[in-house]
Amino acid sequence: MNSAKTLKNSIISVIGQILTLALQFVNRRVFVMFLDIEYLGYQSVFGNVFSILSIAELGIGGIISFHLYKEIVTDNRQEIGKLMYLYKWVYRAIAAVVTVLGLAACIFVPYIVKDANRDIHYLYIVYFLQLASTVAGYFLSYRRTIYAADQKEYKTVEVDLYTSIAVQAVQLSMLAVFKNYLLYLCIQLSTSVIANLVILYKTNREYPYLKEKYTVTKEDIRRRNILPDIKNFLVHKVAYAIYGGTDNIVISAICGIRDVALYGNYVVLKTGVLNVLFYRLLNPLQAAIGNIVYEGRKKEELWEQFEMFDVFSFFFASYISAGFLVFFQPAIQVWLGSAEYLLSESFVIAFSLTIYLGAVWEIVYKYRSVFGDYRQDRNCMLLSAALNIVISVSLAYRLGVLGVQIGTFFAYLPIAYGRIRFVVKNFFGQSMRKYLLKHLFLFGVVLVESFVLYLLTNGLAVDVPGILLRFVIWLTVPLVINLLIYFRNPHFKVMCRYFRNLLGIVKNKIKRPQK
């Protein structure tokens with residue numbers, strides 16, 4: 001693994017995400033000062049609609065990515081060019097399909113937005129603005145893939161950050177002056193379009209051969225098994241769109257649009273913090289893993305590396321879920337200035353445990369993504385989608401937003417099982433039973449940690465001393481329990497050595513300009 005390259009991607013990604021998260025917090029805080037939070041609910045619901053329509057993408061992005069890893073390792077520019085050329089034209093066709101589907105789906109707008117304070121014509125304007133932004137993304141976003149596969153993701157992060165700072169400054173200024181949501185939305189939706197245009201320009205300069213025209217034959221597609229991969233990944237896309245793209249729709253249709261906006265506050269906080277503390281650190285690893293796998297290393301060596309990352313994932317996941325449990329409510333209350341924007345404590349517990357499941361097996365997903373062959377876990381994805389709809393809808397009538405979150409928690413389990421079976425059993429040839437029992441025990445540890453943290457922090461005041469005391473308790477409890485479990489574990493020791501090496505790289509980078 002190119003540790004220096006991976007570290008550079010991770011550090012720049014994290015710094016970029018911290019600044020982006022700060023901008024999002026300021027943006028949402030200023031928004032509720034000038035406009036009703038319900039407007040943000042419209043955006044969340046329609047965002048879920050378009051995430052479902054994204055099944056038209058057929059997984060082309062992921063399929064092209066894992067084919068690119070091998071060609072980048074060998075610097076086969078002809079094949080890289082062919083793959084990116086195919087990607088471009090397929091995405092243009094997908095843009096047309098999404099346009100048609102989006103126009104057809106607009107008839108459901110009156111049924112999925114419950115208790116809206118604005119008339120239906122206003123809702124349609126918001127819907128079509130978001131549709132236009134989504135379609136534009138398919139014409140421009142495909143070039144991001146070459147940076148990610150070439151372990152240069154930091155370049156897209158830099159572009160996104162600078163664009164976001166500039167656009168959000170304009171957006172907040174216009175919001176304060178005109179207090180107009182449609183103007184606010186138009187400016188916000190322009191962010192990705194501007195960033196993608198800049199990335200297109202940069203990739204044209206760095207990879208000039210991508211501007212050439214290539215001939216992609218049926219033999220090229222057959223040789224790479226692209227059509228069977230698309231067929232199998234389509235099942236994944238449909239299932240994950242239902243699993244990950246229906247919560248806001250269910251909440252809006254059953255509980256009301258205001259609950260969507262309140263739920264959105266927790267999602268913004270979760271997404272931003274996870275991107276800063278976890279996913280931005282791990283995203284560059286996917287390209288690194290792809291390069292390692294296609295370099296032909298021994299599986300025994302790869303398994304030891306996987307075990308080390310698995311330990312790392314548990315430490316981070318347990319800390320992150322505990323942090324959300326402790327800080328969700330006070331953070332939102334301080335951020336938005338009122339307890340009226342809070343959901344129930346029981347929802348926070350369910351949400352935090354769901355976050356743990358996703359985080360602890362994120363590294364499994366990174367490994368799984370570099371292999372393709374989506375046939376192997378497609379049935380698990382279908383089961384997950386069915387469970388999410390059945391449990392979420394049935395419990396939403398009784399428990400509201402909490403019921404939807406419980407459905408999301410249990411529906412994730414088949415997804416995780418399919419990925420674990422693919423990576424641990426099918427690729428590495430290791431014992432599924434042993435791996436799952438280990439994680440069942442670790443989940444029990446997280447439950448104990450969560451119970452202790454809840455007892456120690458519930459009821460603390462939402463003020464500076466209360467926040468500081470929460471912070472000390474959060475730092476101490478998971479660390480002590482996790483170290484008691486892992487301090488003799490050989491993979492934990494490897495993890496510590498690995499991070500010491502990364503720290504050494506950072507120190508060398510800092511010292512080098514001084515020479």
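Count residues from 1 along the sequence. Keep in mind that the numbers below use all heavy atoms, side chains included, and drop hydrogens, waters and symmetry copies.
Atom CG in Asp150 sits 8.5 Å away from atom NZ in Lys155 (nearest 0.5 Å). Here the OG1 atom belonging to Thr246 is positioned 9.5 Å from the CD1 atom belonging to Ile251, to the nearest 0.5 angstrom.
Thr203 and Arg143 are linked by a side-chain donor-acceptor pair at a separation below 3.5 angstrom, with hydrogens and angles left out of the test. Under 3.5 Å, the side chains of Ser392 and Asn388 contain a donor-acceptor pair of N or O atoms.
Met308 pairs by the side-chain contact (heavy atoms from CB on, under 4.5 Å) definition with Val494, Met495, Tyr498, not counting sequence neighbours. A search for side-chain hydrogen bond (donor to acceptor under 3.5 Å, both in side chains) contacts involving Thr408 returns Asp247, not counting sequence neighbours. The side-chain hydrogen bond (donor to acceptor under 3.5 Å, both in side chains) test applied to Asn379 returns no partner, not counting sequence neighbours. Scored by the ring-ring contact (aromatic ring centres under 6.0 Å, His included) test, Phe492 finds Phe315 as partners (sequence neighbours excluded). Applying the side-chain contact (heavy atoms from CB on, under 4.5 Å) criterion to Glu71, with sequence neighbours excluded, gives Thr74, Asn76, Glu79, Ile80, Leu83, Arg224. Judged as a side-chain contact (heavy atoms from CB on, under 4.5 Å), and not counting sequence neighbours, the contacts of Phe410 are Ile391, Ile406, Leu413. Looking at residues two or more places apart in sequence or on another chain, you find a side-chain contact (heavy atoms from CB on, under 4.5 Å) between Leu383 and Leu387, Pro414. Legend: residues meeting side-chain hydrogen bond (donor to acceptor under 3.5 Å, both in side chains) with Arg77, ordered by chain and number and at least two apart, are absent.
With contacts defined as side-chain heavy-atom distances shorter than 4.5 Å, the pair Thr354/Gln405 qualifies. Side-chain contact check for Arg144 versus Tyr147: every heavy-atom pair is 4.5 Å or farther apart.
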Worked verdict on Tyr435 versus Met432 for side chain to side chain contact (heavy atoms under 4.5 Å, CB included): CA-CA 5 Å; Tyr435 183 83; Met432 276 279 291; 5.8 Å; no
Apply ring pair (Phe, Tyr, Trp, His ring centres under 6.0 Å) to the pair Tyr367 and Phe306, showing each step before the final yes or no. CA-CA 9 Å; Tyr367 273 83; Phe306 173 84; 5.1 Å; yes
Taking it one step at a time, do Tyr91 and Ile94 satisfy side chain to side chain contact (heavy atoms under 4.5 Å, CB included)? CA-CA 5 Å; Tyr91 256 39; Ile94 290 168; 3.8 Å; yes
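Taking the six-membered ring where tryptophan is involved, the planes of His439 and Trp361 are tilted, since the angle between them lies from 30° to 60°.
Residue pairs that meet the salt bridge (charged side-chain N to carboxylate O under 4.0 Å, His left out) test with at least one member in residues 466-481, sequence neighbours left out, do not exist here. Legend: side chain to side chain donor-acceptor pair (under 3.5 Å) pairs involving residues 315-331, not counting sequence neighbours, sorted by first then second residue: Tyr266-Gln329, Ser318-Asn482. Screening residues 413-433 for side chain to side chain donor-acceptor pair (under 3.5 Å) gives Gln376-Asn426 as the qualifying pairs, with residues at least two apart or on separate chains.
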For residues 442-455, tabulate all N or O donor-acceptor pairs below 3.5 Å that involve a side-chain atom, not counting sequence neighbours.
from	atom 1	to	atom 2	distance (Å)
Ser450	OG	Val446	O	2.8

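Judged by distance alone, the side chain of Ser384 and the main-chain N or O of Cys380 form no donor-acceptor pair under 3.5 Å. Within the 3.5 Å criterion, the main-chain N or O of Asn248 finds a donor-acceptor partner in the side chain of Asn48.
Under a 4.0 Å N-O distance rule, the pair Glu158/Lys202 does not qualify as a salt bridge.
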